[in-house]
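All remarks here apply to the structure that follows.
Here the structure is a predicted model, which is why all the values come from computation and not from measurement.
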Amino acid sequence: WQDGKNEEALRQIVLHPEYEVYIRLLASEVLYAKSADYPPTDWGDTLAYIYAQALAISGQQEGHFLSGNQWGFMYYADKADIADYGTLGTHLMETETKVVPHLIGLLNNNDLLLYEGSEEATIGNSLKYRVKDAAAYYIGKIAGIPVQFHESHADRDTEIERLKEQLK
């Protein structure tokens with residue numbers, strides 16, 4: 001960032017697809033933290049793609065690691081009437097309906113999200129959230145379609161199939 005001297009370079013990284021998604025995500029997060037006018041209103045499609053792909057790579061255990069903490073406690077927090085989207089989830093939500101088609105592509109991704117920390121890891125990892133659970137959660141919030149959380153993955157999968165049908 002260097003007191004804003006690298007702002008334009010960071011913006012170019014976010015915009016250009018030749019950079020890997022993880023690098024584009026990091027540049028975007030620096031800009032969110034440091035630039036008061038970020039993001040520009042016409043960047044919605046680009047950011048929708050980046051943040052949906054960030055969710056996809058959050059389930060990978062090799063390469064770049066993004067913890068589940070960045071996506072919040074989602075359904076678990078909803079039970080306590082707390083909107084907890086996490087930092088990355090909040091930025092994903094800001095892309096509104098533009099992200100939904102990208103998230104639909106993640107509704108078959110069984111990769112687990114891993115949470116870090118002490119209490120956060122205990123709670124988050126006990127929920128056994130998968131990428132597709134998070135994708136369904138965010139689609140539901142954005143599209144206004146209730147998505148019920150279930151303890152078993154089989155019941156969650158049934159709920160995700162129901163969501164897919166509603167999205168057709």
Atom CG of D37 with >12 non-hydrogen neighbours under 6.0 angstrom:
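Atom CG in D37 is crowded, with more than 12 foreign heavy atoms closer than 6.0 Å.
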Taking atom CD of E151 as the centre, does the number of heavy atoms from other residues, nucleotides or ligands within less than 6.0 Å exceed 12?
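Open: at most 12 neighbouring heavy atoms sit under 6.0 Å from CD of E151.
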Any link between [X] and [Y] through a network of hydrophobic side chains (Ile, Leu, Val, Met, Phe, Trp, Tyr) touching at under 4.5 Å?
| X | Y | result |
| --- | --- | --- |
| L55 | L112 | no |
| Y129 | F65 | no |
| L114 | L106 | no |
| Y49 | V14 | yes |

Test item: side-chain donor near acceptor, [X] and [Y], under 3.5 Å:
| X | Y | value |
| --- | --- | --- |
| Q70 | S58 | no |
| N6 | K34 | no |
| S28 | Y51 | yes |
| N110 | K132 | yes |

Strictly under 6.0 Å, is that where the ring centroids of Y76 and Y137 end up?
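Ring centroids of Y76 and Y137 are no less than 6.0 Å from each other.
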Does the separation of the ring centres of Y115 and F73 fall below 6.0 angstrom?
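Distance test on ring centres: under 6.0 Å, yes.
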Test: ring-ring contact (aromatic ring centres under 6.0 Å, His included). Region: residues 3-30. Which pairs qualify, not counting sequence neighbours?
Y22-H64
Quick one: does [X]'s side chain get under 4.5 Å of [Y]'s, heavy atoms only?
| X | Y | value |
| --- | --- | --- |
| L88 | E29 | yes |
| L26 | I13 | no |
| S67 | E120 | no |
| K164 | N108 | yes |
| I145 | L167 | yes |
| T90 | Y32 | no |
| E7 | W1 | yes |

Identify whether the distance between the nearest side-chain nitrogen and carboxylate oxygen of [X] and [Y] falls below 4.0 Å.
| X | Y | answer |
| --- | --- | --- |
| R156 | E159 | no |
| K128 | D133 | no |
| E165 | R162 | no |

With side-chain contact (heavy atoms from CB on, under 4.5 Å) as the test, would you mind laying out the steps for I57 and E20 before giving the verdict?
CA-CA 11 Å; I57 65 175; E20 61 181 283; over 6 Å; no
Looking only at heavy atoms, what is the nearest atom pair of [X] and [Y], with distance?
| X | Y | value |
| --- | --- | --- |
| Q12 | E8 | NE2-OE2, 2.7 Å |
| A52 | H102 | CB-CB, 3.4 Å |
| G72 | D84 | CA-OD1, 3.5 Å |
| A54 | L66 | O-CD1, 3.6 Å |
| I160 | A136 | CG1-CB, 3.9 Å |
| L113 | A134 | CD1-CB, 4.0 Å |

Donor-acceptor pair, T95 side chain versus H91 backbone, under 3.5 Å?
no
State which residues pass side-chain hydrogen bond (donor to acceptor under 3.5 Å, both in side chains) with N109; sequence neighbours excluded, sorted by chain then number.
none
What distance do R24 atom CZ and L15 atom CG have between them, rounded to the nearest 0.5 Å?
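Spacing of CZ (R24) from CG (L15) equals 7.5 Å.
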